[in-house]
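Note sheet for the following structure.
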Protein chains: 2
Amino acid sequence: MDRVPPSLTPQLDVDVPDEGLSIGDAAATVGLSVQTLRYYEREGLLLDPAPRRSNGHRRFHRNDLDWLAGLVMLRETGMPIAQVRDVAALSRTPGTERERLAAFEEHRETVVAQLKRTREHLAALDTKIAAYRAYVAREEETIHDE
Amino acid sequence: MDRVPPSLTPQLDVDVPDEGLSIGDAAATVGLSVQTLRYYEREGLLLDPAPRRSNGHRRFHRNDLDWLAGLVMLRETGMPIAQVRDVAALSRTPGTERERLAAFEEHRETVVAQLKRTREHLAALDTKIAAYRAYVAREEETIHDE
DNA sequence: GCTTGACCTATAGCGCGCTATAGGTTGTGT
DNA sequence: ACACAACCTATAGCGCGCTATAGGTCAAGC
């Protein structure tokens, strides 16, 4: 078996017609621009180049959309293009399930670390905001007192 | 009063000598490169251009370091340079405490939103990891059975 | 006295991730 | 029949945030 069965990667809850989606609809569905989607294909981030209709237009099917949703997730959690490309290459190669798992687990660690940092920054920001609120409140009082 | 008193923005718990730090030490302290620090100065992200010694070398004092820590926090939570510049400009202008507060509160919202998205992405990533773990485990079993 | 290193200014260059432009084909609605 | 939108390829350009380079001053240590 080459890839994890689709049933195990439930990403998207939109229904995709059997004939697939145009690039415009696909882009809208996953929240990318049409250019970006073509760019991703060129850069080898897709599982496969999207199949074309007789007129040369791309069609995106269910599994493409699922993959795209995952790819957007990786990108939005800060995974660089090059690394996504590596993951895509792995996912194209049968018998690399362990490596894929390792890649995802490693990325998970970076996301968790990033989350932690952001939470700490948020705390600092809250401290700053509290200080300013106190200052502004104090100023208001002073005006009242006059 | 021009700025919020330093006591209300406790950012950094390192002690800074009275004569201040060199740019190298300051950069190391706040986790930036020397070039980046100079770049930030040029771009007007500092409260004021750092004062120079007779030899033209910058000195960073306590309040500069505090500001820098805050600036790094803003940058690392994704605030663009241009917006940091605006905040710096506000912080230079007396009587703008309310605007500064508003800027920080607004940024807080974007950070919270970003945090939420990242947590959702993390959940999706965890689902993927779980699926792969199950797959790999199942594969292992199959090999055992042979 | 001379090298070494940290600093200085000024300016050019770069990596990333798109985004825009040119020039063309297809197909759908009026 | 014809305009108009959506698609196509190929390639150039751009915004952001640094980072590197050139060319120099100064201070300390060997």
Set out, line by line, the N/O atom pairs under 3.5 Å between protein and nucleotides 1-8 of chain C.
unit_1 : atom_1 : unit_2 : atom_2 : d
C/dC7  : OP1    : B/S22  : OG     : 2.8
C/dC7  : OP1    : B/G24  : N      : 3.1
C/dC8  : OP1    : B/R58  : N      : 2.7
C/dC8  : OP1    : B/R58  : NH1    : 2.8
C/dC8  : OP2    : B/R38  : NH1    : 2.5
C/dC8  : OP2    : B/R58  : NH1    : 3.1
C/dC8  : O5'    : B/R58  : NH1    : 3.4

[X] side chain to [Y] main-chain N or O, any donor-acceptor pair under 3.5 Å?
| X | Y | value |
| --- | --- | --- |
| B/R85 | B/E43 | yes |
| B/R38 | B/S33 | no |
| A/R59 | A/G20 | yes |

With sequence neighbours left out, the residues meeting ring pair (Phe, Tyr, Trp, His ring centres under 6.0 Å) with A/Y40 are none
Minimum heavy-atom separation for [X] to [Y], with atom names?
| X | Y | result |
| --- | --- | --- |
| A/Q35 | A/R42 | O-NH2, 4.5 Å |
| B/R100 | B/T93 | NH2-O, 3.0 Å |
| A/A27 | A/V34 | CB-N, 3.9 Å |
| A/L46 | A/A88 | O-CB, 4.2 Å |
| A/R52 | A/E41 | NH2-OE1, 3.1 Å |

* What do you reckon, is CD of A/E120 surrounded by more than 12 foreign heavy atoms closer than 6.0 Å? -> yes
Under a 4.0 Å heavy-atom cutoff, the residues of residues 106-115 of chain A touching DNA chain C are none
Sorted by chain and residue number, the salt bridge (charged side-chain N to carboxylate O under 4.0 Å, His left out) partners of B/R117 (sequence neighbours excluded) come out as A/E76
Separation of D/dT9 atom C1' from A/E43 atom CD, nearest Å, is 15 Å
In B/L45, B/I81, B/L32, the residue satisfying side-chain contact (heavy atoms from CB on, under 4.5 Å) with B/Y39 is B/I81
The bend of the helix from C/dG1-D/dC30 to C/dT30-D/dA1, taken between the axes of its five terminal pairs at each end and rounded to 10°, is 0°
With B for base contact, S for sugar-phosphate-only contact and - for none (protein heavy atoms under 4.0 Å), nucleotides 10-19 of chain C reads -B-----BBS
